[in-house]
**Q** 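I'd like to ask you about the structure that follows.
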Amino acid sequence: MLKGHITTWALSVASACLVGWAWVHTHPAPKLAAVNIQALVNAHTQALTAAIRPDTPKEEQEAAIRRAAEFGQRLDAALASAAKECDCAIINAAAIVAMPTAARPIPDITERVRAHLQAGLGGSPDNSVGG
């Protein structure tokens with residue numbers, strides 16, 4: 001009779017372990033990466049401010065204004081490209097209120113997104129997004 005209880009207990013524990021293992025492997029935690037979007041926007045704003053001065057030729061000012069109008073679309077494309085590259089969901093770094101010191105903290109990929117933005121601009125230095 002005791003042997004039947006031990007067998008039942010062992011099969012129950014084995015089943016629970018198997019179900020737990022299957023759950024962990026079929027429901028993985030989403031991968032996250034953080035991007036400091038405010039830093040990217042501030043850098044673009046500074047570059048735009050520097051490009052639109054009273055002594056700047058009108059053609060250059062108009063080109064800077066066109067770049068400003070396109071910035072949102074380029075930022076969206078850079079974020080989408082970076083998300084595809086890392087196969088992760090991207091969150092704004094400002095949304096992280098606190099993060100425990102963990103073995104796997106949320107990585108910051110702001111510089112990677114900045115590189116995508118610069119690549120989208122053709123890499124020309126006068127159009128770059130500084131940091």
Side-chain angles (χ1 to χ4, degrees):
M1 182 142 140
L2 186 58
K3 189 174 186 179
H5 289 296
I6 293 173
T7 303
T8 302
W9 174 83
L11 289 174
S12 296
V13 170
S15 296
C17 290
L18 182 63
V19 168
W21 176 83
W23 179 265
V24 168
H25 289 286
T26 60
H27 296 82
K31 294 189 285 184
L32 299 174
V35 173
N36 188 341
I37 295 175
Q38 187 63 42
L40 297 172
V41 171
N42 287 346
H44 178 71
T45 302
Q46 289 174 352
L48 181 62
T49 302
I52 301 178
R53 295 183 311 264
D55 60 337
T56 305
K58 184 173 176 136
E59 298 81 28
E60 289 180 29
Q61 288 183 4
E62 289 172 354
I65 291 170
R66 278 194 305 276
R67 286 193 311 269
E70 297 166 354
F71 178 73
Q73 294 170 341
R74 288 192 333 266
L75 180 58
D76 283 345
L79 290 168
S81 181
K84 186 175 181 180
E85 187 178 275
C86 72
D87 191 28
C88 60
I90 295 179
I91 59 173
N92 188 350
I96 301 172
V97 177
M99 186 171 12
T101 53
R104 294 176 53 197
I106 299 173
D108 186 321
I109 61 167
T110 303
E111 293 308 314
R112 188 67 198 133
V113 173
R114 188 183 316 274
H116 281 285
L117 273 171
Q118 290 175 343
L121 293 170
S124 60
D126 59 321
N127 295 343
S128 66
V129 178

**Q** Without swapping roles, check the side chain of T110 against the backbone of N36 for a donor-acceptor pair under 3.5 Å.
**A** yes
**Q** Measuring from L117:CG to E111:CD, what's the distance to the nearest 0.5 Å?
**A** 11.0 Å
**Q** Could E70 and R67 be called an ion pair, given the rule that one side-chain N must be under 4.0 Å from one carboxylate O?
**A** no
**Q** State, to 0.1 Å, how close T56 and I52 come at their nearest heavy-atom pair, and which atoms those are.
**A** OG1-C, 4.4 Å
**Q** Does any non-hydrogen side-chain atom of I37 lie less than 4.5 Å from one of L75?
**A** yes
**Q** Say whether N42 and Q38, considering side chains only, have a donor N or O and an acceptor N or O under 3.5 Å apart.
**A** yes
**Q** Between atom CD of Q61 and atom CG of D55, what is the distance when rounded to the nearest 0.5 Å?
**A** 8.5 Å
**Q** Would you say the side chains of W9 and H5 form a donor-acceptor pair under 3.5 Å?
**A** no
**Q** What are the two closest non-hydrogen atoms of L40 and F71, and how far apart are they?
**A** O-CZ, 3.9 Å
**Q** Between W23 and H27, what is the ring plane arrangement, given parallel below 30°, perpendicular above 60°, and tilted in between?
**A** parallel
**Q** According to a hydrophobic-cluster definition based on side-chain heavy atoms being under 4.5 Å apart (Ile, Leu, Val, Met, Phe, Trp, Tyr only), do V41 and V113 belong together?
**A** yes
**Q** Please determine whether side-chain contact (heavy atoms from CB on, under 4.5 Å) holds for the pair H116 and R74, giving the CA-CA distance in whole Å, both sets of side-chain angles, and the decisive distance to 0.1 Å.
**A** CA-CA 9 Å; H116 281 285; R74 288 192 333 266; over 6 Å; no
**Q** Show, in sequence, the C-alpha distance, side-chain angles and deciding distance for D108 and V35, and conclude whether the side-chain contact (heavy atoms from CB on, under 4.5 Å) test is met.
**A** CA-CA 6 Å; D108 186 321; V35 173; 5.6 Å; no
**Q** I'd like to know if the side chain of S15 and the backbone of L11 have a donor-acceptor N/O pair within less than 3.5 Å.
**A** yes
**Q** How far apart are the closest heavy atoms of P107 and L32, and which atoms are they?
**A** CD-O, 3.3 Å
**Q** For the pair R53 (side chain) and A50 (backbone), establish whether a donor and an acceptor sit closer than 3.5 Å, ignoring hydrogens and angles.
**A** yes
**Q** Has S81 got a side-chain atom pairing as donor or acceptor with A77's backbone, closer than 3.5 angstrom?
**A** no
**Q** Rounded to the nearest 0.5 Å, what's the gap from NZ on K58 to CD1 on I65? Could you check?
**A** 9.0 Å
**Q** Measure the CD-NE2 distance between Q46 and H44 for me, rounded to the nearest 0.5 Å.
**A** 11.5 Å
**Q** Return the minimal non-hydrogen interatomic distance between A33 and C88, and the atom names on each side.
**A** CB-SG, 3.7 Å
**Q** Over all heavy atoms of both residues, which pair between R114 and A43 is shortest? Give the atoms and the distance, please.
**A** NH1-CB, 4.0 Å
